[in-house]
Amino acid sequence: MLSKKQVLFVLDEIEKMFPDAHCELRHSNPFELMIAVLLSAQCTDALVNKVTEKLFKKYKTPEDYLSVPLEELEQDIRSIGLYRNKAKNIQKLSYMLIHEYGGVIPKNRDELIKFPGVGRKTANVIVSVAFDVPAIAVDTHVERVSKRLGICRWKDSVLQVEETLMKKIPKERWSKAHHQLIFFGRYHCKAQSPQCEICPLLEICREGQKRMRRRGVVDAKK
DNA sequence: AACTCGGGGCA
DNA sequence: TGCCCAGAGTT
């Protein structure tokens with residue numbers, strides 16, 4: 001596994017590639033962010049942004065989401081997959097927010113996870129982006145990149161990946177590191193086509209070197 | 001750990 | 001056409 005120093009090298013190299021890594025979900029307050037992150041599950045955020053552009057004009061408050069029939073909210077987010085679950089969760093979440101939290105979104109993970117549709121990953125994004133609380137949300141990109149590079153072990157669970165990242169990265173860099181790993185995973189070290197040939201991290205990347213060796217064998221056969 | 005929800009985007 | 005996408009809840 002990579003040492004702390006090597007992990008910081010990774011982050012510094014990604015900083016050169018993506019100096020403006022940030023949350024790309026459209027939102028102008030914590031409540032909108034909460035809705036947007038919930039909608040983004042198993043879906044590209046470009047699509048989420050397209051939907052929320054209209055959605056946030058129609059619905060401003062938790063009360064707004066409860067003022068329409070479930071079927072109407074479903075139609076408003078229909079172009080996003082899993083829309084029946086998500087519409088139901090948004091209304092339930094809105095009800096809880098009003099009746100149990102006085103309309104104020106809690107700032108700690110343990111409270112946020114109690115909301116339907118909000119898991120550990122979503123909660124981490126909310127606290128880190130909306131409230132500037134240090135956190136590392138492990139999604140598919142962060143997990144894949146961490147395992148390929150050798151920051152953690154291949155068979156690590158999501159929770160183990162998160163713990164390892166927190167251990168190897170200084171707390172003040174957690175939130176930024178999260179977005180850096182996201183950008184690196186989404187735009188460079190893609191699930192289907194990692195661009196190892198032009199990757200500045202190849203020299204310390206376990207999976208990248210393995211891939212290049214495999215490719216060398218293939219090329220030699222030609 | 002495996003399964004389900006799911007329309008849109010892309011090869 | 002087939003496969004995947006800033007996951008979470010249930011079994």
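The chains referred to below are lettered A, B, ... by the order of the sequence lines, with proteins before strands, and numbering in each begins at 1. Just so it is clear, the model here is predicted, and its values are computed rather than measured.
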remark   = Atom CZ of A/Arg120 and atom C1' of C/dA6 are separated, to the nearest Å, by 16 Å
key: Given C/dG7, C/dA6, C/dC4, the nucleotide with the shortest approach to the side chain of A/Leu82   = C/dG7
note = Outermost contacting nts on DNA chain B, any atom under 4.0 Å from chain A heavy atoms, listed 5' then 3', are B/dC5 to B/dG9
message = Rounded to the nearest 0.5 Å, what separates atom CD in A/Glu32 from atom CZ in A/Arg26?
response = 8.5 Å
query = How far does the C1' atom of B/dT4 sit from the matching atom of C/dC4, given to the nearest Å?
reply = 16 Å
ask   = Mind checking whether A/Phe31 and A/Tyr65 have parallel, tilted or perpendicular rings, split at 30° and 60°?
value = perpendicular
remark   = Separation of C/dA8 atom P from A/Leu159 atom CG, nearest Å, is 13 Å
query = Are the charged groups of A/Arg173 and A/Glu15 less than 4.0 angstrom apart, N to O?
reply = no
message = Categorize A/Gln192 for me: base, sugar-phosphate, or nothing, with a 4.0 angstrom heavy-atom threshold over every strand shown.
response = sugar-phosphate
ask   = Which of residues 129-152 of chain A sit near DNA chain B, with a heavy atom under 4.0 Å from it?
value = none
ask   = Could you give the CZ-to-P distance, from A/Arg186 to C/dC4, as a whole number of Å?
value = 18 Å
remark   = In whole angstroms, the gap separating P of C/dA8 from NZ of A/Lys88 amounts to 17 Å
ask   = If the P atom of B/dA11 is compared with that of C/dA6, how far apart are they to the nearest Å?
value = 14 Å
message = How long is the straight-line distance from CZ of A/Phe18 back to CD1 of A/Ile182, given to the nearest 0.5 Å?
response = 12.0 Å
key: Separation between the C1' atoms of C/dC3 and B/dG6, rounded to whole Å   = 13 Å
ask   = Within the structure shown, what part of the strands sits under 4.0 Å from A/His22 by heavy-atom distance: base, sugar-phosphate, or nothing?
value = base
ask   = Rounded to whole angstrom units, what separation is found between the CG atom of A/Asn85 and the C1' atom of C/dG9?
value = 8 Å
query = What is the distance from NZ of A/Lys114 to P of C/dG9, rounded to the nearest Å?
reply = 14 Å
query = How many Å lie between CG on A/Leu25 and P on C/dC5, as a whole number?
reply = 16 Å
ask   = Which sits closer to the 5' end of DNA chain B, A/Ser157 or A/Ala41, going by the nucleotide each is nearest to?
value = A/Ser157
key: Distance in Å, A/Leu97 CG paired with A/Leu66 CG, rounded so as to fall on 0.5 Å steps   = 9.5 Å
4.5 Å side-chain heavy-atom contact, A/Arg148 and A/Arg211 = yes
remark   = Taking every heavy atom of A/Pro170 against every heavy atom of A/Leu8, the minimum-distance pair comes out as CD-CD2, 3.7 Å
5' priority, DNA chain C, between A/Gly117 and A/Ile182 [closest heavy atom] = A/Ile182
query = Is there a side-chain contact between A/Phe184 and A/Val10 (heavy atoms, below 4.5 Å)?
reply = no
query = Under 4.5 Å between any side-chain heavy atoms of A/Arg186 and A/Asp45, yes or no?
reply = yes
key: Of residues 42-59 of chain A, the positions that come close to DNA chain B - non-hydrogen atoms, cut-off under 4.0 Å   = A/Gln42, A/Leu47, A/Lys50
key: Atom pair distance, as rounded to whole Å: OH in A/Tyr83 and C1' in C/dA8   = 18 Å
task = Calculate, to the nearest 0.5 Å, the distance between atoms OH and CD1 belonging to A/Tyr83 and A/Ile77 respectively.
result = 9.5 Å
ask   = Heavy-atom distance under 4.5 Å between the side chains of A/Met96 and A/Pro116, does that happen here?
value = yes
message = In the structure I gave you, are the side-chain heavy atoms of A/Asp139 and A/His178 within less than 4.5 Å of one another anywhere?
response = yes
